[in-house]
Number of protein chains: 2
Amino acid sequence: MNLENSKAQMRKGILELCILGIIDAEKEVYPSDIIARMKEAELIVVEGTLYPLLSRLMKGGLLDYSWVESKSGPPRKYYKLTENGKLHLKELKKTWGTLSQSVATITQNTQNHE
Amino acid sequence: MNLENSKAQMRKGILELCILGIIDAEKEVYPSDIIARMKEAELIVVEGTLYPLLSRLMKGGLLDYSWVESKSGPPRKYYKLTENGKLHLKELKKTWGTLSQSVATITQNTQNHE
DNA sequence: GAAAGGTATTATGCAATACAAGGTACTATT
DNA sequence: AATAGTACCTTGTATTGCATAATACCTTTC
């Protein structure tokens, strides 16, 4: 039990939402794009975390991909949301809203003692 | 990979924050109080989840407890935050704020397609 | 054609909650 | 005062999903 683990647990909670959100916003992205967008939002994600997650989302029918050639290296997998993926994202956003509200309710009474 | 698991992952992320927040707000609570407060905020937690968490927080030096007799049953463990616990909570709140901001940044471009 | 860098994959470990079952202490009822 | 019932606490096991790190492969560039 340490602070870093606690923070990590929080980050885990929003990871999928953020990934899906980014793909939705960009229409089509490849993993490095996602990593870059995440970084812009101050969320550090590495390939070893991202790839397995994308695989799971694929398996779940939330994503689709197509190969696109690149001039700077090997071909890339460009991902986009399926209809199911959009629905899934919508639900996650709703859940996120509800949870945020819950946290707000709970922590509002906790006036910081500083 | 299904929607329920994804939602569950989100809930997990805020669990510790909420528990600590509730204890902080109430000064001293026993587990049933926590479960009740969580429920009020529409967060369902059961004993089998809560107790091990409280144990971990104890081990981490974030909580303290004292036995208090009850007229409706056996004695209860009333928990309160230690100084470390308050610090920990403060950090978690800060992290929560940052993450919320990140999610907002990422999902704002994602205008819902409805 | 060799090196370097970009892209994708996978194996292993770890941390934390969910679930379910059970154990103990007290109260109430008779 | 015994028994049933309830409140409270504990624990073992399974499951899940991310983190880390190592690896393999494909291009370009020099």
Side-chain angles (χ1 to χ4, degrees), chain A residues 1-20 28-36 38-39 43-60 62-63 65-79 88 92 95 99, chain B residues 1-20 28-36 38-39 43-60 62-63 65-79 88 92 95 99:
Chain A
M1 165 61 49
N2 72 38
L3 184 57
E4 288 317 309
N5 288 13
S6 301
K7 290 183 179 178
Q9 189 69 24
M10 276 197 190
R11 288 183 61 258
K12 290 181 188 177
I14 64 166
L15 186 58
E16 187 179 318
L17 169 63
C18 289
I19 304 293
L20 291 175
E28 278 206 342
V29 286
Y30 83 109
S32 289
D33 285 335
I34 298 178
I35 291 174
M38 293 288 278
K39 196 174 179 183
L43 293 168
I44 305 305
V45 185
V46 296
E47 297 176 338
T49 298
L50 184 56
Y51 281 88
L53 175 53
L54 291 174
S55 292
R56 253 184 319 110
L57 295 174
M58 277 289 305
K59 249 185 211 164
L62 309 184
L63 297 183
Y65 74 80
S66 51
W67 289 100
V68 173
E69 291 183 10
S70 157
K71 291 189 177 173
S72 63
R76 304 164 171 176
K77 277 188 176 178
Y78 271 78
Y79 290 91
H88 189 95
L92 284 191
T95 300
L99 289 181
Chain B
M1 164 61 48
N2 73 37
L3 184 57
E4 287 316 309
N5 288 14
S6 301
K7 289 183 180 177
Q9 188 69 25
M10 275 196 191
R11 289 183 60 258
K12 289 181 188 177
I14 65 165
L15 186 57
E16 187 180 315
L17 169 62
C18 289
I19 304 293
L20 291 174
E28 278 207 341
V29 287
Y30 83 110
S32 289
D33 286 335
I34 297 178
I35 291 174
M38 293 287 279
K39 197 173 179 183
L43 294 168
I44 304 305
V45 185
V46 295
E47 297 177 337
T49 299
L50 183 57
Y51 280 89
L53 175 52
L54 291 173
S55 292
R56 252 184 321 107
L57 295 174
M58 277 287 307
K59 248 185 213 165
L62 308 183
L63 298 183
Y65 74 81
S66 51
W67 288 101
V68 173
E69 291 183 9
S70 157
K71 291 189 176 173
S72 62
R76 302 163 173 176
K77 276 188 177 179
Y78 272 79
Y79 290 90
H88 189 96
L92 283 191
T95 300
L99 288 181

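Remember, predicted model here, so these are calculated numbers, not experimental data. To find a chain, count down the sequence lines: A is the first, B the second, and so on, and within it residues start at 1.
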Please give me the minimum heavy-atom distance between Leu92(B) and Leu3(A), naming the atom from each residue.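 Of all heavy-atom pairs spanning Leu92(B) and Leu3(A), the closest is CD2-CD1, 4.1 Å.
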Check Ile44(B) against Arg11(B) and note the closest heavy-atom contact, atom names and distance. O-NH2, 2.6 Å
All N/O contacts under 3.5 Å from nucleotides 18-21 of chain C to the protein, with atom names and distances to one decimal?
from    : atom 1 : to       : atom 2 : distance (Å)
dA18(C) : OP1    : Arg11(B) : NH1    : 3.2
dA18(C) : OP2    : Thr49(B) : OG1    : 2.9
dC19(C) : N4     : Gly48(B) : O      : 3.0

Nearest whole angstrom, please: distance from the [atom2] of [N] to the [atom1] of [X].
X: Asn2(A); N: dC14(C); atom1: CG; atom2: P; answer: 15 Å
X: Ile19(B); N: dA16(C); atom1: CD1; atom2: P; answer: 15 Å
X: Asn5(B); N: dA14(D); atom1: CG; atom2: C1'; answer: 14 Å
X: Leu57(A); N: dT9(C); atom1: CG; atom2: P; answer: 14 Å
X: Arg76(B); N: dT24(C); atom1: CZ; atom2: P; answer: 21 Å
X: Ile34(A); N: dT7(C); atom1: CD1; atom2: P; answer: 13 Å
X: Tyr78(A); N: dG6(C); atom1: OH; atom2: C1'; answer: 12 Å
X: Tyr51(A); N: dT23(D); atom1: OH; atom2: C1'; answer: 14 Å

Let's see if you can work this out: which of dT9(C), dA15(C), dT10(D) has an atom nearest to the side-chain heavy atoms of Lys77(A)? dT9(C)
For the side chain of Tyr30(B), starting at C-beta, report the closest nucleotide among dA16(C), dC8(D), dA8(C). dC8(D)
Can you find a pair of side-chain heavy atoms, one from [X] and one from [Y], that are under 4.5 Å apart?
X: Ile19(B); Y: Leu50(B); answer: yes
X: Met38(B); Y: Ile34(B); answer: yes
X: Leu15(B); Y: Leu43(B); answer: no

May I ask you to say what Ser32(A) touches in the nucleic acid, namely base, sugar-phosphate or nothing, with a heavy-atom cut-off under 4.0 Å? sugar-phosphate
[X]: which residues meet the side chain to side chain contact (heavy atoms under 4.5 Å, CB included) condition with it, sequence neighbours left out?
X: Ser70(A); value: Ser72(A), Arg76(A)
X: Tyr51(B); value: Pro31(B), Glu47(B)
X: Glu4(B); value: Asn2(B), Lys7(B)
X: Met58(A); value: Leu63(A), Tyr65(A), Tyr79(A)

Starting at the 5' end of nucleotides 24-30 of chain D, put B wherever the base has a protein heavy atom under 4.0 Å, S where only the sugar-phosphate does, and a dash everywhere else. --BSS--
